[in-house]
Amino acid sequence: MRRRPGIGGLQTAAAARDQYRLLGENVAKLRTDLMKEQLVTFRSQLEEFARKHKNDIRKNPAFRSQFHEMCAKVGVDPLASNKGFWAELLGIGDFYYELGVQIVDICLVTRPHNGGLIKLEELCKLLGQRRKSAREAVSEDDCLRAISKLKVLGSGFEVISVGKSKLIRSVPTELNKDHNEILELAQSQGFVTVEEVQRRLSWSSGRATDALEILLDEGLAMIDDGHRDGRRRYWFPCVSSASSYVGADTL
């Protein structure tokens, strides 16, 4: 028959547990202090790196993207404010705020043609036409970072994925899975028909027509009834070339 430990044994076990707990807390504190010290050192080195390579960061999109990745690893956001150390050193805050304003303007100009949905590469193309005199080149990564700051404006201005493409939405339109599949299907030729949607997606006629009519009502599609086969075509400017419907002089 097992004997229960006496009071002395219980006290000894409790004391041992307290010692292990204190030891664990001390080890955790040492690790935390060491990590904080390393983080401060790394941030200092990051600032020194930024000073040394500020011209490359401002002028080279690929270099700028890598710099952002380094900043993210230590919890530094150079875009958090247009004032302070990073803005003064690099002017990087002002660059993205200016870019954001230009993106808003382009989205407004092209909205009557694409319903408030534009391909990321087309947006960058139109930005390039507009910024011909600017010293800094603009990459898709730059556009995505600027767009992420536009969310403070409320609904709209977000990035959605359609197949392998990224589209920028500047209106509060809710697209469901059916709409995304139709947009992905339309990317090959710029339009779809009800019959094609039925055949390619294995949908009923009612499902295809309903989804297409909603896209039409939202201004994302245009109809073309002028073909000999009598089949209505639903065109999607948001997956076509923006240069075909918006001139550079408009921007």
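Note: hydrogens, waters and symmetry copies are ignored here, and every other heavy atom, side chains too, is used.
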Locate the shortest heavy-atom distance separating S170 from R111; write the atom from each residue and the value.
-> O-NH2, 2.9 Å

Would you check if D229 and T193 make a side-chain contact, meaning some heavy-atom pair closer than 4.5 Å?
-> no

Cluster link V104 to V159, ILVMFWY, side chain under 4.5 Å = yes

Minimal heavy-atom distance between G190 and V239, with the atoms involved, is CA-CG2, 4.4 Å

Pairing residues for D141 by the salt bridge (Lys or Arg N to Asp or Glu O under 4.0 Å) criterion, not counting sequence neighbours | R145

Please report the shortest heavy-atom distance between D224 and G226, naming the atom on each side.
-> OD1-N, 3.1 Å

Does L183 reach the side chain of L117, with side-chain heavy atoms less than 4.5 Å apart?
-> yes

Using atom types as modelled and distance alone, determine if a side-chain donor or acceptor of R207 lies under 3.5 Å from a backbone N or O of D178.
-> no

Give a yes or no on whether W235 and V197 share a hydrophobic cluster (residues Ile, Leu, Val, Met, Phe, Trp, Tyr; joining criterion: side-chain heavy atoms under 4.5 Å apart).
-> no

Rounding to 0.5 Å, atoms CG (L123) and CG (N114) come to a distance of 10.0 Å

Side chain to side chain contact (heavy atoms under 4.5 Å, CB included) assessment of L216 paired with L212 | CA-CA 6 Å; L216 183 64; L212 286 166; over 6 Å; no

Residues that S139 engages under side chain to side chain donor-acceptor pair (under 3.5 Å), provided they are two or more places apart = D142

Indicate yes or no: at least one non-hydrogen side-chain atom of E122 is less than 4.5 angstrom from one of T110.
-> no

ILVMFWY cluster, V192 and I214 together (side-chain gap under 4.5 Å) | no

May I have the step-by-step check of side chain to side chain contact (heavy atoms under 4.5 Å, CB included) for R233 and Q189, ending in yes or no?
-> CA-CA 11 Å; R233 284 157 170 73; Q189 53 189 358; over 6 Å; no

With sequence neighbours excluded, residues passing salt bridge (Lys or Arg N to Asp or Glu O under 4.0 Å) with K177 | E181

Go through the steps to decide whether Q102 and R131 satisfy the test side-chain hydrogen bond (donor to acceptor under 3.5 Å, both in side chains), and finish with yes or no.
-> CA-CA 9 Å; Q102 292 171 344; R131 295 173 56 86; 3.0 Å; yes

Counting N and O atoms only, with roles assigned by atom type, does the side chain of Q187 sit under 3.5 Å from a partner on the main chain of V162, one being a donor and the other an acceptor?
-> yes

Residue pair L127 / C143, side-chain heavy-atom distance below 4.5 Å = yes

Mind checking the CZ-CD1 spacing from R130 to I106? Nearest 0.5 Å is all I need.
-> 5.5 Å

Closest approach of M222 and P237, non-hydrogen atoms and distance?
-> CE-CG, 3.5 Å

Please answer: with hydrophobic residues joined when any side-chain heavy atoms are less than 4.5 Å apart, are I223 and L185 in the same cluster?
-> yes

Measure the CG-CG distance between L215 and L220 for me, rounded to the nearest 0.5 Å.
-> 6.0 Å

What's the spacing between I103 CD1 and L144 CG if we round to 0.5 Å?
-> 8.5 Å

Counting distance only, does the side-chain N/O of R169 pair as donor-acceptor with the main-chain N or O of L167 below 3.5 Å?
-> no

Between the OG atom in S204 and the CD atom in Q198, the distance rounded to the nearest 0.5 Å is 7.0 Å

In the single-linkage hydrophobic clustering (I, L, V, M, F, W, Y; side-chain heavy atoms under 4.5 Å), do V194 and F191 co-cluster?
-> no

Y234 versus I182: any side-chain heavy-atom pair under 4.5 Å?
-> no

For N176, does its backbone N or O pair with a side-chain atom of H179 as donor and acceptor, under 3.5 Å?
-> yes

Between A208 and W203, which heavy-atom pair has the shortest distance, and what is it?
-> CA-CE3, 3.8 Å

